[in-house]
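All residue numbers refer to positions in the sequence shown, counting from 1.
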Amino acid sequence: MSDQENLPQTMAFVLETFRWRPVSSGGFAHKTTKDIIWQDYCIPKGSSVIGNVWSVGRDPQYFPDPEKFNPQRWLTPEGKIKEDLKAYTFGFGRRVCPGQHMATASVFLNTALIQWAFTVRADPGHPIDDLAFTESANAHPMPFKVFFEPRAAKTLEGVRELFEDYGA
């Protein structure tokens, strides 16, 4: 993880992945502890409120052209991760996922290692349907085909050896 600051494009890819196709569109219910006035609405004490992660990640005011996968939206002109742009993939408030930092680190590390080890190409004979996801509480992509071409070594066996030496 010590290289994370030196790999802003990789972190931008991870953040955009979380925003573009969140694992869960909703989250845990929150309960109001008092009447809340929001704009012209009253949310009465005791109401259940569930944040809509899908909708937040598609607000065009913050995420222009929200259906487009665009990791660059997370970067400043200097190439750093924006501090003022946030995703709510892991929930809100006191009910935010306690494993969010470990999950983000895991996805970041796996993404970095895959990009280091392989060139990943779509299979032209089997186009990827980027809307093909399961319809469940925790969505995941339907199977698709890609080619993993060794990049860090000449062969797949060479990549395996590098991973073993690395400790992955």
Looking at [X] and [Y], what are the two nearest heavy atoms and their distance?
{"X": "A122", "Y": "P124", "value": "O-CD, 3.2 Å"}
{"X": "A153", "Y": "G158", "value": "CB-C, 3.5 Å"}
{"X": "A139", "Y": "T134", "value": "CA-OG1, 3.4 Å"}
{"X": "R73", "Y": "K68", "value": "NH2-O, 2.9 Å"}
{"X": "S24", "Y": "V53", "value": "O-CB, 3.8 Å"}
{"X": "A12", "Y": "P71", "value": "CB-O, 3.3 Å"}

Please tell me whether [X] and [Y] are part of a single hydrophobic cluster in this structure, the criterion being side-chain heavy atoms less than 4.5 Å apart.
{"X": "L75", "Y": "L15", "answer": "yes"}
{"X": "V146", "Y": "V159", "answer": "yes"}
{"X": "F69", "Y": "I128", "answer": "no"}
{"X": "V14", "Y": "V23", "answer": "no"}
{"X": "F13", "Y": "F148", "answer": "no"}

Is there a donor-acceptor contact under 3.5 Å linking the side chains of Q72 and E16?
->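 E16 and Q72 do not have a side-chain donor-acceptor pair below 3.5 Å.
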Will you find, in the side chains of T76 and E78, an N or O donor that is under 3.5 Å from an N or O acceptor?
-> yes
Is there a side-chain contact between [X] and [Y] (heavy atoms, below 4.5 Å)?
{"X": "D129", "Y": "F144", "answer": "no"}
{"X": "R21", "Y": "H140", "answer": "no"}
{"X": "D35", "Y": "I43", "answer": "no"}

Point-to-point distance, once rounded to the nearest 0.5 Å, from CZ of R160 to CG of D165 |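 It comes to 14.0 Å.
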Could you tell me the separation between the CH2 atom of W74 and the CD atom of Q9, rounded to the nearest 0.5 Å?
-> 14.0 Å
Checking the side chain of [X] only, and the main-chain atoms of [Y] only, is there a donor and an acceptor separated by less than 3.5 Å?
{"X": "S48", "Y": "K31", "result": "no"}
{"X": "N52", "Y": "S55", "result": "yes"}
{"X": "S47", "Y": "T32", "result": "no"}

Working for salt bridge (Lys or Arg N to Asp or Glu O under 4.0 Å), residues K80 and E5 | CA-CA 8 Å; K80 303 285 185 193; E5 274 191 37; 5.9 Å; no
Identify, with sequence neighbours excluded, every residue that meets salt bridge (charged side-chain N to carboxylate O under 4.0 Å, His left out) alongside E161.
->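 By the salt bridge (charged side-chain N to carboxylate O under 4.0 Å, His left out) rule, E161 matches no residue at all.
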Is K154 salt-bridged to E149, going by a charged N under 4.0 Å from an acidic O?
-> no
I would like to know whether W116 and F163 meet ring pair (Phe, Tyr, Trp, His ring centres under 6.0 Å); could you show each step before the answer?
-> CA-CA 11 Å; W116 166 76; F163 274 126; 5.7 Å; yes
Please list, one pair per line, the donor and acceptor atoms closer than 3.5 Å that link side chains of residues 97-115 to other protein atoms, with sequence neighbours excluded.
residue: T104; atom: OG1; partner: Q100; partner atom: O; Å: 2.9
residue: N110; atom: ND2; partner: S106; partner atom: O; Å: 2.8
residue: T111; atom: OG1; partner: V107; partner atom: O; Å: 2.7

Using the benzene-type ring in the case of Trp, are the ring centres of F18 and Y88 under 6.0 Å apart?
->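 Judged by ring-centre distance (under 6.0 Å), F18 and Y88 do not meet the cut-off.
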Report, as yes or no, whether the 6.0 Å neighbourhood of atom NZ on K45 holds more than 12 heavy atoms from other residues, nucleotides or ligands.
-> no
Partner set under ring pair (Phe, Tyr, Trp, His ring centres under 6.0 Å) for W54, not counting sequence neighbours =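 So W54 forms no ring pair (Phe, Tyr, Trp, His ring centres under 6.0 Å) with any residue.
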Establish, for the pair R19 and F63, whether the NZ or CZ atom is under 6.0 angstrom from the six-membered ring centre and no further than 45 degrees off its axis.
->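 Judged by the rule, R19 and F63 form a cation-pi pair.
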